[in-house]
Amino acid sequence: ALAEMITFPPHIYTKALQLPADERIRFAGQLAAQVLKKHPQLIAKLGVSSDPVPAWNTLRNVVMRHIEHHPADQNTSVA
């Protein structure tokens with residue numbers, strides 16, 4: 001399932017939560033690109049065609065939700 005494919009080591013979540021919002025979005029985009037490289041089959045599952053951009057966009061949003069709801073968030077104040 002998608003959730004298992006987009007788990008990251010705890011230090012990745014900690015780093016992401018320390019970034020300003022605009023940099024966090026960029027970081028999530030980089031993580032999404034890495035996931036798509038490892039799991040190219042997701043392009044067809046998440047997008048409407050073989051175009052990776054819609055899949056990347058969807059995946060970046062999923063990564064952002066993972067970051068924002070990760071347990072590390074409990075100990076980090078996010079502005």
Asker: Which pair of non-hydrogen atoms, one from Leu36 and one from Pro52, has the smallest distance, and what is that distance?
Answerer: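 What the structure gives for the nearest pair is CD1-O, 4.1 Å.
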Asker: Quick one, Phe27 and Ile12 - any side-chain contact, counting heavy atoms below 4.5 Å?
Answerer: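 The answer is yes; the side chains approach within 4.5 Å.
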Asker: Using every non-hydrogen atom in the two residues, find where Leu17 and Ile67 come nearest and quote the distance to one decimal.
Answerer: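 Heavy atoms of Leu17 and Ile67 come nearest at CD2-O, 3.6 Å.
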Asker: Give a yes or no on whether the backbone of Arg65 and the side-chain of His69 come within a donor-acceptor separation of less than 3.5 Å.
Answerer: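 Yes.
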Asker: Does any part of the side chain of Val63, heavy atoms only, come nearer than 4.5 Å to the side chain of Phe8, both counted from C-beta?
Answerer: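 Sidechains of Val63 and Phe8: in contact.
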Asker: If I take atom OG1 from residue Thr7 and atom NE2 from residue His66, how far apart are they, to the nearest 0.5 angstrom?
Answerer: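 It comes to 8.0 Å.
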Asker: Nearest 0.5 Å please: distance from the CD atom of Gln34 over to the CG atom of Leu59.
Answerer: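 One gets 11.0 Å once the value is rounded to the nearest 0.5 Å.
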Asker: Determine yes or no for a side-chain-to-main-chain donor-acceptor pair under 3.5 angstrom, with Trp56 supplying the side chain and Gly29 the backbone.
Answerer: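 Between the backbone of Gly29 and the side chain of Trp56 there is a qualifying donor-acceptor contact (under 3.5 Å).
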Asker: Could you grab the distance from atom CD of Gln41 to atom CG of Leu46, nearest 0.5 Å is fine?
Answerer: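 One gets 9.5 Å once the value is rounded to the nearest 0.5 Å.
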Asker: Which pair of heavy atoms, one from Ile43 and one from Asp51, lies closest together, and at what distance?
Answerer: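 The answer is CG2-O, 3.7 Å.
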Asker: Would you kindly confirm whether Met64 and Tyr13 end up in one hydrophobic cluster when ILVMFWY residues are joined by side chain heavy atoms under 4.5 Å apart?
Answerer: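 In one cluster: no.
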Asker: May I ask you to decide if Ala28's main-chain N or O and Arg60's side chain share a donor-acceptor pair within less than 3.5 Å?
Answerer: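 Judged by distance alone, no pair lies under 3.5 Å.
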Asker: Out of curiosity, Gln18 CD to Glu23 CD, how far, rounded to the nearest 0.5 Å?
Answerer: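 Nearest 0.5 Å value for the CD-CD distance: 12.0 Å.
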